[in-house]
Amino acid sequence: MWRHTAHSSREELFTQPYHEINWKKVRHLGAKVLCMLSCWVEDLDGDAFKKHLARVPDYLWVSEDGMTVQSFGSQLWDATFVIQALLATNLTDEIAPTLARGHDFIKKSQVKDNPSGDFNSMYRHISKGAWTFSDQDHGWKVSDCTAEGLKSKNGGLPGWEPIRGQDWLEVLNPIQFFEEIVIKHDYVECTGPTIQALVLFKKKFPRYRKNEIDNFIANAIQYLKNKQTTYGSWYGNWGICFIYTSWFALGGLEAAGKTYNNCSTIRKAVNFLLTTQKEDSGWVRATYHAPKR
C-alpha cells in the first residue's frame, strides 16, 4: 500500500519523469503537506490528520493554469491595508457596514493563547495578543502585523520572534533562493509599522510601560536612520526593494514626529522618491536588486 501511495504521489506532484527531476530546485515543493503527511503516518484515523484535511481547501485555488496550491494566506495583512485605505477616503458614513465587518475580522483574528506545552523549552516566543499574517488559526504571530516585540540589540524588529542565534548559523541555510532565513534578523519593514502602532498605543494608554515604549521608539528611530542607504532609500528584505521599504520607514518616522524640516533622513528619502519617479508619474518596484530575498 505504501509503495503504491508513494508512486501515485509522484505522478500527482511532478509532471516530468521522476528520474529526471532536479531535486536541488524542487526540494521545497513538498513542504506544504509535510505536517499533514506526518499526521497521516502516525494515525490515519486520528484527530490531528482529520483536522488537517478540514483545512486543505484553504490552500487550494483555481488559477489560469488550473488547480494550484498556495502557502498560508495573507488575509489579516491585506485587510489592515484595505481598511486604512477606506478610512483615508473620509467616506466612513457611507461605508460604515464594511468598516464594521473589517474591524470584526481583525478583532477575531487576534491570537488568544500562547503556544501549547512548555514552549519556552522549545525556544518559542509568546504569541498571546498578537496577530498573524493570515488568521487566528495560523498561530505564528508577525511583528509588522502586531507590535508585540520589544527586544532587539540594534533597535530594529525581527519578523517572527526575538533574535537568538548567531550570524554564522546562516552557513547552514539549505535553500538556494532565500538568504538569511536560518536565524531572525531586524527588518525595516517590521520596525516602521511597530513605531506607528506604539505611538497610537501611547495616545490611548500614556502611562502603560511608558519608559520601555519611549526607549523602544527612540532606538527604532535610530535603527531606521542607520539603515538608510546613501541614496536615501531603504533596502527591502522580502524581495521588493527601496520604494516599498521606504514607505514603511517613512511611516514610522512620521508617526514619531519626524518631518521634512526637522529630520535629514526624511529629506534624503524625499529626494530619492522625487528623483526616481517615472515619466508616467509612477514608481517601479525594484526586485532585481535582491534576487535571493
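Keep in mind it's a predicted model, so treat the numbers as computed, not measured. Numbers for residues simply follow the sequence, beginning at 1.
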Test side chain to side chain contact (heavy atoms under 4.5 Å, CB included) on I213 and K202 and set out the steps.
-> CA-CA 8 Å; I213 292 176; K202 280 185 60 179; 3.7 Å; yes

Under the side-chain hydrogen bond (donor to acceptor under 3.5 Å, both in side chains) test, which residues partner T275, sequence neighbours left out?
->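 Partners of T275 by the side-chain hydrogen bond (donor to acceptor under 3.5 Å, both in side chains) criterion come out as none, since no residue qualifies.
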
Between [X] and [Y], what is the shortest heavy-atom contact and its length?
{"X": "L86", "Y": "T89", "value": "O-OG1, 2.5 Å"}
{"X": "A255", "Y": "V199", "value": "O-CG1, 3.5 Å"}
{"X": "A249", "Y": "V188", "value": "CB-CG1, 3.7 Å"}
{"X": "L250", "Y": "A269", "value": "CD2-CB, 3.7 Å"}
{"X": "Q228", "Y": "G232", "value": "NE2-O, 2.9 Å"}
{"X": "K112", "Y": "Q110", "value": "NZ-O, 3.1 Å"}

From [X] atom [atom1] to [Y] atom [atom2], the distance as rounded to the nearest 0.5 Å:
{"X": "I243", "Y": "S233", "atom1": "CD1", "atom2": "OG", "result": "7.5 Å"}
{"X": "F216", "Y": "Y223", "atom1": "CZ", "atom2": "OH", "result": "10.5 Å"}
{"X": "F248", "Y": "T191", "atom1": "CZ", "atom2": "OG1", "result": "11.5 Å"}
{"X": "N219", "Y": "L224", "atom1": "CG", "atom2": "CG", "result": "11.0 Å"}

Go through K128 and V111 one step at a time and tell me if the side chain to side chain contact (heavy atoms under 4.5 Å, CB included) criterion holds.
-> CA-CA 5 Å; K128 184 177 180 180; V111 179; 5.7 Å; no

Would a 4.5 Å heavy-atom cut-off, applied to side chains only, mark [X] and [Y] as touching?
{"X": "F242", "Y": "W234", "answer": "no"}
{"X": "C263", "Y": "K225", "answer": "yes"}
{"X": "L253", "Y": "I195", "answer": "no"}

F105: what forms a ring pair (Phe, Tyr, Trp, His ring centres under 6.0 Å) with it, not counting sequence neighbours?
->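 With neighbours one apart ignored, the set is empty.
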
Check: A96 main-chain N/O paired with T92 side-chain donor or acceptor under 3.5 Å |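 Side chain of T92 to backbone of A96: no pair is present.
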
Mark yes or no for whether K278, through its side chain, and T276, through its backbone, hold a donor-acceptor pair below 3.5 Å.
->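 A pair under 3.5 Å: no.
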
Between F201 and F205, how do the two ring planes meet: parallel, tilted or perpendicular, split at 30° and 60°?
->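 Ring orientation, 0 to 90° scale: tilted.
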
For residues 80-101, which residue pairs qualify under ring pair (Phe, Tyr, Trp, His ring centres under 6.0 Å), counting only residues two or more places apart or in two chains?
->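 For residues 80-101: W77-F81, F81-W247.
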
Side-chain donor/acceptor pairs under 3.5 Å, residues 45-56, sequence neighbours excluded:
from	atom 1	to	atom 2	distance (Å)
R55	NE	D58	OD2	2.6
R55	NH1	D137	OD2	2.7
R55	NH2	D58	OD2	2.8

For D104, which residues count as a salt bridge (Lys or Arg N to Asp or Glu O under 4.0 Å) partner, sequence neighbours excluded?
->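 Partners of D104 by the salt bridge (Lys or Arg N to Asp or Glu O under 4.0 Å) criterion, ordered by chain and then number, come out as K108.
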
Pairs satisfying side chain to side chain donor-acceptor pair (under 3.5 Å), at least one member in residues 260-274, at least two apart =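 For residues 260-274, and leaving out neighbouring residues, the side chain to side chain donor-acceptor pair (under 3.5 Å) pairs sorted by first residue read T259-N262.
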
Same apolar cluster: I217 and L200, side chain cutoff 4.5 Å |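 Looking at the clustering, L200 is in a separate group from I217.
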
In one Ile/Leu/Val/Met/Phe/Trp/Tyr side-chain cluster, 4.5 Å: L91, L87 |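 Different clusters.
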
